[in-house]
Amino acid sequence: MKKFTAVLLALLMMALPVLGMAASPAEMIEGAAAAGQPIHTAVTFDAGTIPGLDAETAAIFNDVIDALGFTTDTQENQTNFAMQLSGKDVLTLAWATEGEDTYINSNLLGGTIAFNATEGDVIIDHLLKMAVDADMFTESDVAEVKQLIEQLKTEMNTQVEAIDLENIDMTALLTVVEELMEKVTTGEVTQQPKNSDPAATVITMKLTGEDITKVYKVIFDVMKNVPQFTQALESADLTMNGEKVSADEMIAKLPELADQIGAMVQGEIPVEIYLDEAGEPVYGIMPMTMQAEDETITMDMDFARRTVNEGVTYAVTIRAEDAKDEGVSITADVLETEALTTTNVGIASIKNGVSEPVITVSVLLNKNYGETESEENMIVDVVVTDSDSGEEISFKIDMDSEAEVLADGGVLYEAEMDLYILGMEEELFTIEVDQLSGKAVDSIVTADAVRPGTMTEDEVAEYVSGDVMDALLNALMGLVQNLPASVLSLIMEM
């Protein structure tokens, strides 16, 4: 199993280990949610400096951002959402399920409605008929809307369903894996790899284009029977060899695509993975040569783990170049210590053998984790460089978060995130997130819910023009009344 794991590591060289996040503040509140505790979330904003705006316009934007807020409450079968202005709820929406019924409560409805799948179709039919009668829709519009609704239902059902691995036939894939494992040889290390921890064992393997084709074909064969995969293809804008294709056409051409990928491989792909005494990978290389049309592309991938005084470092490099010394490189390095994690990722274009940065991402994580209290500070710097002009666009996120387990067993999580752009010294805006677990909200499930799906078309029309319209007007008045004074003044001047 360790040998198989090491081989996968070489083939998936960019899969860096998950480092030291088990007791982070976010993991603490996520753990409470996974344990079934209700979660209350409040999000507020604090405006900073918005570049390019005059003082009056900036003041209005700042007032809107400062006044805006959101809350959510999630529990077993119910979710509540609310948008606030100036601390008051101006839009509320809650949905819950019980048996075959769905319940929706909103200030836009003036109460709670309920329906099952059949009643839901009836409600849609009534509303579309009302839209046609009001000359808002034509019959062709109705047909298009119904088709769209059916597509959405299919997508939602596919997304909700988890991939059932037990019903997927993995026989062909396992057979190919077994064939590849027969190519694996293990031996003692005679020459230690550079810039890595000491290795005790080396695993070698030589792959061919035929091997790559076999792997892709069995993977494609498995994936075409996974609804989530086919649904993703159907919703994508697919092209093959420069021509648009449908999802069915793409699936039919997958074996041909696998042949093309395998045919691009020139010679053999030597894979070497070095393991320490514990059988863990410390170094790996996988060079290859690909023939793409009239271009020969050489690709080198390597991975190294090294223990230093401060902790452990991990480094991954992928470099691909053509005969003109042009191509792309991807690098990633991580330093992991008990109190600190630094991660640097870079994507660069290669011109005349020289790497020129395109995207660089740096993450600095200071952490102080405990069983009942946890805190961290994370700073993310991103720089995007235009390869032609050399002009840089940058932004930075500075986020503080902390969490603690309360006496009643709930978890309190607090986070503050500042966003900076274009090298600004002052933040563009601040987002504050407060979460508390263990406090359930009242259920909206009630026998008094209105069931529009049991009404006639005339009764639905009366309900919409009466209760719903009154609720919409009240909601609109509440929104206007809670707008910041600067916004109201601007509206009055129009």
Side-chain angles (χ1 to χ4, degrees), residues 68 70 72 77-85 88-161 231 234-237 246-247 442-483 487-488 491-492 494:
L68 189 62
F70 301 94
T72 62
N77 66 337
Q78 180 172 317
T79 299
N80 290 37
F81 167 84
M83 183 180 79
Q84 291 89 31
L85 281 176
K88 300 291 182 63
D89 289 348
V90 294
L91 171 64
T92 64
L93 176 64
W95 57 95
T97 57
E98 185 174 83
E100 297 181 355
D101 288 337
T102 296
Y103 293 78
I104 297 178
N105 177 283
S106 174
N107 65 332
L108 303 181
L109 296 173
T112 303
I113 66 171
F115 54 89
N116 55 34
T118 302
E119 292 172 1
D121 292 336
V122 172
I123 295 172
I124 292 172
D125 288 340
H126 285 337
L127 293 177
L128 291 176
K129 181 65 166 57
M130 291 169 57
V132 171
D133 292 342
D135 294 328
M136 297 172 60
F137 278 8
T138 64
E139 292 295 344
S140 61
D141 292 332
V142 170
E144 291 180 8
V145 170
K146 287 186 175 181
Q147 182 179 3
L148 177 60
I149 290 172
E150 291 303 317
Q151 291 176 353
L152 291 173
K153 286 181 180 179
T154 301
E155 290 180 9
M156 291 177 64
N157 291 335
T158 302
Q159 292 172 359
V160 169
E161 292 176 1
Q231 186 64 47
E234 289 171 356
S235 61
D237 186 13
S246 66
D442 293 336
S443 174
I444 64 170
V445 175
T446 173
D448 296 329
V450 177
R451 303 192 75 98
T454 63
M455 298 179 180
T456 64
E457 183 182 332
D458 290 340
E459 288 172 337
V460 170
E462 182 180 354
Y463 169 66
V464 171
S465 62
D467 294 353
V468 174
M469 188 58 65
D470 290 344
L472 287 172
L473 292 174
N474 288 333
L476 180 60
M477 290 179 58
L479 186 149
V480 172
Q481 291 171 354
N482 289 287
L483 285 171
V487 178
L488 289 173
I491 294 174
M492 296 297 293
M494 291 181 175

Notebook entry, point to check: With side chains defined as the heavy atoms from C-beta onward, is the minimum distance between Leu488 and Val480 less than 4.5 Å?
Noted result: yes

Next item on the list: To the nearest 0.5 Å, tell me how far Trp95 CH2 sits from Thr79 OG1.
Entry: 5.0 Å

Note to self: Would you compute the distance between atom CG of Asn116 and atom OG1 of Thr97 and round it to the nearest 0.5 angstrom?
What the structure shows: 13.0 Å

Next item on the list: State the CE-CG distance between Met83 and Leu479, to the nearest 0.5 angstrom.
Entry: 5.5 Å

Notebook entry, point to check: Going by heavy atoms in the side chains, are Ile104 and Leu93 under 4.5 Å from each other?
Noted result: yes

Next item on the list: Nearest 0.5 Å please: distance from the NZ atom of Lys146 over to the CG atom of Asp121.
Entry: 9.0 Å

Item checked: Side-chain donor or acceptor of Gln84 paired with backbone N/O of Asp89 under 3.5 Å -> no

Note to self: Using the side chain to side chain contact (heavy atoms under 4.5 Å, CB included) criterion, which residues pair with Asp133? Sequence neighbours excluded.
What the structure shows: Lys129, Glu457

Notebook entry, point to check: Are any non-hydrogen side-chain atoms of Arg451 and Asp101 less than 4.5 angstrom apart?
Noted result: yes

Next item on the list: Report the residues that fulfil side chain to side chain contact (heavy atoms under 4.5 Å, CB included) with Thr112, sequence neighbours left out, ordered by chain and then residue number.
Entry: Tyr103, Asn105, Thr446, Ala449

Check: Mind checking whether Val460 and Ile123 have side chains closer than 4.5 Å, heavy atoms only?
Finding: no

Notebook entry, point to check: Side chains of Thr456 and His126: closer than 4.5 Å at any heavy-atom pair?
Noted result: no

Margin query: For Gln78 versus Ser443, what's the shortest heavy-atom pair and its separation?
Written below: OE1-CA, 3.3 Å

Note to self: The criterion is side-chain hydrogen bond (donor to acceptor under 3.5 Å, both in side chains); which residues satisfy it with Ser140, sequence neighbours excluded?
What the structure shows: Thr138

Next item on the list: Hey, could you give me each pair passing side chain to side chain donor-acceptor pair (under 3.5 Å) that has a residue in residues 470-483? Not counting sequence neighbours.
Entry: none

Next item on the list: Kindly write out the residues that satisfy side-chain hydrogen bond (donor to acceptor under 3.5 Å, both in side chains) with Asp467, not counting sequence neighbours, or none if the list is empty.
Entry: none

Notebook entry, point to check: So with a 6.0 Å cut-off around CD of Glu459, is the heavy-atom count from everything else above 12?
Noted result: yes

Item checked: Partners passing side chain to side chain contact (heavy atoms under 4.5 Å, CB included) against Asn107 (at least two apart in sequence or in another chain) -> Leu91, Thr92, Ala475

Check: Distance from Asn80 atom CG to Thr72 atom OG1, nearest 0.5 Å?
Finding: 9.0 Å

